[in-house]
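The block underneath contains the structure these notes are about, expressed in structure tokens.
Chain letters run A, B, ... following the sequence lines, proteins first, then strands; residues in each count from 1.
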2 protein chains.
Amino acid sequence: MKIGELANATATKVETVRYYEKIGLLPPPARTAANYRAYGSEHLARLSFIRRARDLGFTLEAVRELLTLSDDKSQPCEAVDAIARTHLIDIDRKVADLTALRTELDKVIGSCRHGTVAECKIVETLGPR
Amino acid sequence: MKIGELANATATKVETVRYYEKIGLLPPPARTAANYRAYGSEHLARLSFIRRARDLGFTLEAVRELLTLSDDKSQPCEAVDAIARTHLIDIDRKVADLTALRTELDKVIGSCRHGTVAECKIVETLGPR
DNA sequence: TTACCATCTGTAGCAACTACAGACTCAAGA
DNA sequence: TCTTGAGTCTGTAGTTGCTACAGATGGTAA
């Protein structure tokens with residue numbers, strides 16, 4: 001499997017695949033005579049894992065930990081659970097922050113009377129108190 | 001007003017103030033004999049504006065536009081309103097994305113039976129389909 | 001053969017800061 | 001007066017997670 005095929009199979013850009021290799025998330029594959037990367041099914045599995053975790057919003061550092069943990073099948077999965085729960089809390093905080101911000105921005109926009117900039121409540125709100 | 005005071009008054013880091021100057025958001029102030037930056041009240045007003053806009057989640061590019069617009073007081077404030085509304089839509093999209101992601105992550109976590117990694121549904125979910 | 005694509009390495013760019021290093025200025029205390 | 005500590009200066013490099021080149025090969029089809 002060449003890098004383009006692997007990238008295609010995982011909806012990843014070729015550059016991103018190489019990037020994951022560079023930062024040590026994806027092990028360096030064998031090379032063809034022409035120095036092309038030759039991937040196997042284990043690479044496909046690992047990259048799928050990475051992509052899915054990234055889609056769920058895990059940072060690359062979290063993905064790295066999840067990969068390490070998932071490599072030792074006999075361990076209890078508490079650590080995995082902990083990482084996921086921490087991430088969930090993180091998302092909840094972000095949603096709360098964004099929602100609060102939305103409320104405020106909505107209020108600011110609602111105050112606009114569509115006159116000149118001099119009278120604009122949006123601009124006024126942004127200025128010094 | 002020295003840079004530290006200005007930074008303090010606007011809850012900004014000194015480095016960030018210098019950064020805003022470097023990228024042209026904040027005009028270069030006069031200098032003291034010792035080459036220290038000497039700010040006036042117009043700088044305070046402008047930096048307050050920037051900070052407030054940033055707190056509302058506007059990008060620096062949007063802030064730049066808002067500043068340009070707010071400098072011409074006689075213009076209609078439609079453009080200002082448009083930037084704010086675009087940003088609101090952006091926030092709504094982000095909240096929706098995060099909420100969807102949260103639902104899925106919650107489902108993944110809920111499937112964990114707290115056994116070994118080999119049986120872990122979280123790890124399984126992340127693997128290839 | 002010639003065109004065109006994929007692949008290779010290495011480097012630089014994006015947002016929006018943040019964190020140094022190494023030199024200076026300034027005010028207060030012993 | 002000397003010294004100590006804090007603030008300031010410039011310039012550069014780091015952060016996250018890629019993305020986009022440039023310039024050189026390799027592989028394939030008309």
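Put simply, A:Arg37 has no side-chain N or O that comes within less than 4.0 Å of OP1 or OP2 on C:dT7. Using a 4.0 Å cut-off, some side-chain N or O of B:Lys13 falls inside it from OP1 or OP2 of C:dA19. Contact annotation: A:Thr16 does not reach the phosphate of D:dG17 (side-chain N/O to OP1 or OP2, under 4.0 Å). Within the 4.0 Å cut-off from OP1 or OP2 of D:dG26, not a single side-chain nitrogen or oxygen of A:Arg31 is found. The side chain of A:Arg18 places no N or O atom within less than 4.0 Å of a non-bridging phosphate oxygen (OP1 or OP2) of D:dT19. Distances shorter than 4.0 Å separate none of the side-chain N or O atoms of A:Tyr19 from OP1 or OP2 on D:dT16.
Closest to the A:Arg54 side chain, of the nucleotides C:dT18, D:dG17, C:dT7, is D:dG17.
Rounded to an integer number of Å, the gap from B:His87 NE2 to C:dA15 P is 16 Å. For the pair B:Arg51 CZ and C:dA16 C1', the interatomic distance rounds to 10 Å; values are reported in whole Å. Across the protein-nucleic acid pair, B:Ile23 atom CD1 and D:dG11 atom P stand 17 Å apart, rounded to whole Å. Atom NZ in B:Lys2 sits about 18 Å away from atom P in C:dC24, given to the nearest Å. To the nearest angstrom, C1' of C:dC17 lies 14 Å from CD1 of B:Ile50. Taking atom CZ of residue A:Arg64 and atom C1' of nucleotide D:dC18, one finds them 14 Å apart after rounding to whole Å. Atom P of nucleotide D:dG7 and atom CD of B:Glu5 are separated by 11 Å, given to the nearest angstrom. Whole-Å rounding puts the B:Asn8 CG to D:dA6 C1' distance at 14 Å.
A salt bridge is defined here as a Lys NZ or Arg NE, NH1 or NH2 lying under 4.0 Å from an Asp or Glu carboxylate O, and B:Glu61 with B:Arg64 meets this definition. For the pair A:Asp90 and A:Arg93, the salt-bridge criterion is met [side-chain N within less than 4.0 Å of a carboxylate O].
Here A:Thr32 lies out of heavy-atom contact (under 4.0 Å) with every strand. Nucleic acid contact for A:Phe58: none, since no nucleic acid atom lies under 4.0 Å from a heavy atom of the residue.
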Worksheet item: salt bridge (charged side-chain N to carboxylate O under 4.0 Å, His left out) between A:Asp71 and A:Arg46: does it pass, once the steps are laid out?
Response: CA-CA 10 Å; A:Asp71 280 345; A:Arg46 203 172 172 90; 3.6 Å; yes
Fill in: Test log, rule side-chain contact (heavy atoms from CB on, under 4.5 Å), inputs B:Thr12 and B:Arg51
CA-CA 8 Å; B:Thr12 309; B:Arg51 293 304 292 179; 3.2 Å; yes
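Transitive grouping of hydrophobic side chains (ILVMFWY, heavy atoms separated by less than 4.5 Å) keeps B:Tyr36 and B:Tyr39 in distinct clusters.
Listed for the B:His87 side chain is no donor-acceptor partner under 3.5 Å among the backbone atoms of B:Ala62.
Where A:Ala34 and A:Lys22 each meet DNA chain C at their nearest nucleotide, the meeting point lying more 5' is that of A:Ala34. Checking B:Asn35 against A:Glu15, the closest nucleotide of DNA chain D that is more toward the 5' end is the one next to B:Asn35. Ranked by how close their nearest DNA chain C nucleotide is to the 5' end, B:Ala33 and B:Glu61 are led by B:Glu61.
Side-chain N/O atoms of B:Tyr36 and base N/O atoms of D:dG7 include a donor-acceptor pair closer than 3.5 Å.
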